[in-house]
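Down below is the structure, laid out as structure tokens.
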Amino acid sequence: MQKTSERHELNGQKIFVIGLLCLFGFCLFAQKPVKSRARAQKRDTLQTDTSSIQRQKPKSKVYLLHSDLLRKDERIPDAMVVVGNVVFRHDSVYMYCDSAYYYDKISAFEAFSNVKMNQGDTLFLYGDRLFYDGNTQIAEVRMNVRMENRNTTLLTDSLNYDRLYNVGYYFNGGTLMDEQNVLTSDWGEYNPGTKQSVFNYDVQLVNPQFILTSDTLEYNTASKIADIVGPSDIVSDNNHIYSELGTYNTVTGKAYLYNRSVLTNEGKQLTGDTLYYDRDAGTGEVFQDVVMNDTVNKNMMTGEYGYYNENTKYAFVTDRAVGVDYSQGDSLFLHGDTLMMKTFYLDTDSMFREMRAFHKVRFFRTDVQGTADSLVFSTKDSCLTMYHDPILWNKNQQLVGEKICIYMNDSTIDWAHIINQALSVEHIDSTLYNQVTGKEMKAYFRNKEMYKAEVIGSVRVVYYPMDSDSLLIGMNVSETSNLDLYLSNQKLEKMVMRPQSNGTLYPMTQIPAGKDKLDNFVWFDYIRPLDKDDIFNWRGKKVEDQLKKNVRKPVELPNQHLFEKKE
């Protein structure tokens, strides 16, 4: 009786010590919290459900099916020592090892060397040591652990496999491999049934075409889809994707990304609230608050919808679309219904790009403003061409024509060519304007100011000469065929007419009514963009200010009547 009492006392102490160790082990595992709040809540729910299920589900026994040797060991009074070709069975699971301690009363065992666990014909678990509890149905496998589930292999040194929920998880680093990807992390779990896996801390997914690094990642070995649920980077040869939320199909290369994800390709960044990317097609679509930023050429396009093809270098933005050139200290802001970028002769010495804007185009920079129905800028000749009712302003100068071609030098105006019905107006004060009109005009700029202009064909002039004290002398009205204007500080210094024309000079007090304006004079102060926000406010020309279309009469050929049909 004394021995029995001592044995009970020892068993009680042992159970108490084991309880303390389990509690300490639980505390160690709890040091790395699950980052996802949803996942933590899920675990709490699972723990509650586990207790409920374990209470309701009848416990089955772990059976020893075979061993070459069975003996008792006084050092382990509660266990049977089994050695050689050991086989255990619990329900439909078979477990093998070289030797084990079998705790028949508590339906558990501790296995050593060449451990193998076989669940059906799809799940195999290997390791050097295994502790299996038949009541909790948890297998703790240690050292050289390998879990195989069809085409998926998990490698680690410490793995706990919960048969009740069909989930294996590691906590000291592991690697998950399938035929497509290799994933490593500090902590992870894998469900052989759903093929779903979760990874935390220093996560890396390696694919032949890219590498994904993250802090938190979910991955399905069946669909090959990675769910991004934390700060993640996807890097390939030419691309870099940053996202904190989204899905990435590692087979098709299609990504659906949210929360201001960023796609970078050769210095071009594509950002938006929602980003769809197709790696194989090389295309990206962006929705809401779109930013296409070219950090190499220092320009960008913004809008509410954008599209980009990295293979053809084609892009466009629409819905409050804005193009920004920030290569100079003073940025230029351009708005149109749609902005488009096209690349020609890609990967050749003749490659050039065109930026197109249409319709209702307005742009603003502190030194230059303009409006037109549409425009095209080509890097081939650094020319910006404005079409359909173009107007260009430079400080107090206004240029109007049927078409305006602006040639740039390092993102600043070098010279401008106004074609057909060219009109230049210089605002002197509230009522006085210097005016020049002709068939075409060439305006030259220096330090962002017009310093010379050439007017060609049917030239008419109204201008106000000044004396040395900048006092108005009178108003001169002249006509000629060609005219050269020279300006300094935006003021007319000299005029050279060919052929020379004296014109008529009216004293300021004797200017005839109606003579102070050319018949095609118009000052578009009501259209001019006032600032970078005003580019969105389209204001068209008034009916009375429209350019008059040139109607050309057909040229009658000699003896043309010989070819006319007679009725």
Side-chain angles (χ1 to χ4, degrees), residues 297 299 323 325 327-328 332-336 338-345 350-365 367-395 397-426 435-459 482-487 490 520 522 524 527-529 535 541 546-550 552:
N297 298 293
N299 57 62
D325 183 293
S327 59
Q328 302 297 309
L332 184 142
F333 299 86
L334 180 147
H335 167 66
T338 301
L339 303 182
M340 180 186 299
M341 184 74 70
K342 297 190 69 174
T343 303
F344 299 87
Y345 305 110
S350 303
M351 184 182 73
F352 68 94
R353 295 180 304 150
E354 281 189 359
M355 198 280 286
R356 303 175 181 180
F358 51 90
H359 299 278
K360 297 181 178 180
V361 176
R362 292 167 63 81
F363 60 86
F364 175 88
R365 193 167 67 184
D367 64 313
V368 62
Q369 302 87 41
T371 67
D373 177 72
S374 56
L375 62 80
V376 176
F377 175 74
S378 174
T379 60
K380 185 176 183 180
D381 52 7
S382 297
C383 179
L384 188 153
T385 305
M386 302 170 64
Y387 297 95
H388 306 297
D389 292 331
I391 310 172
L392 185 68
W393 293 270
N394 173 240
K395 296 188 177 179
Q397 296 281 339
Q398 172 190 282
L399 299 175
V400 180
E402 292 184 11
K403 183 171 75 171
I404 298 179
C405 298
I406 304 170
Y407 294 87
M408 313 295 287
N409 182 11
D410 194 21
S411 298
T412 59
I413 297 179
D414 189 21
W415 67 285
H417 189 188
I418 300 89
I419 303 170
N420 293 333
Q421 301 190 63
L423 172 66
S424 173
V425 179
E426 177 192 5
Q435 307 150 56
V436 181
T437 186
K439 289 183 178 179
E440 61 178 302
M441 185 182 302
K442 297 178 180 179
Y444 300 90
F445 295 80
R446 182 190 296 136
N447 297 325
K448 300 182 180 181
E449 291 184 353
M450 187 168 70
Y451 71 93
K452 181 184 176 182
E454 298 174 0
V455 189
I456 304 166
S458 303
V459 179
N482 296 279
L483 171 67
D484 293 339
L485 300 173
Y486 297 88
L487 301 94
Q490 297 291 295
N520 63 337
V522 64
F524 292 109
I527 291 179
R528 186 174 190 171
I535 59 176
K541 292 180 178 179
Q546 298 289 335
L547 289 177
K548 299 175 179 59
K549 295 182 180 180
N550 287 330
R552 298 181 181 180

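FYI, side chains are in, hydrogens and waters are out, and symmetry mates aren't considered; it's all heavy atoms of this structure.
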* **Contact summary for I404 and L399, nearest pair of heavy atoms** => CD1-O, 3.7 Å

* To do: Taking all non-hydrogen atoms of both residues into account, name the closest pair between M355 and M341 and its distance.
  => CG-CE, 3.7 Å

* Nearest heavy-atom neighbours spanning I535 and H335 -> O-CD2, 3.3 Å

* Would M351 and T343 count as a side chain to side chain contact (heavy atoms under 4.5 Å, CB included) if you check the C-alpha gap in whole Å, the side-chain angles of each, and the deciding distance to 0.1 Å? -> CA-CA 7 Å; M351 184 182 73; T343 303; 3.8 Å; yes

* **Parallel, tilted or perpendicular: rings of W415 and Y407 (30°, 60°)** => parallel

* **Verdict with supporting geometry, E440 and K442, salt bridge (charged side-chain N to carboxylate O under 4.0 Å, His left out)** => CA-CA 7 Å; E440 61 178 302; K442 297 178 180 179; 5.2 Å; no

* To do: Please work out whether the ring planes of F352 and Y345 are parallel, tilted or perpendicular, with thresholds of 30° and 60°.
  => tilted

* What distance separates N299 CG from F377 CZ, expressed to the nearest 0.5 Å? -> 9.0 Å

* Asked: Do V400 and F524 come close enough that some side-chain heavy atom pair is under 4.5 Å?
  -> yes

* Between Q369 and P529, which heavy-atom pair has the shortest distance, and what is it? -> CG-O, 3.8 Å

* Should the heavy atoms of other residues, nucleotides or ligands under 6.0 Å from NZ of K439 be counted, would the total exceed 12? -> no

* To do: Can you see which heavy atom on G323 is nearest to which on L339, and at what distance?
  => N-CD1, 3.1 Å

* Asked: For the residue pair L375 and Y387, what are the closest heavy atoms and their distance?
  -> CA-CD1, 4.3 Å

* Asked: Do side-chain atoms of N447 reach the backbone of E449 as a donor and acceptor pair under 3.5 angstrom?
  -> no

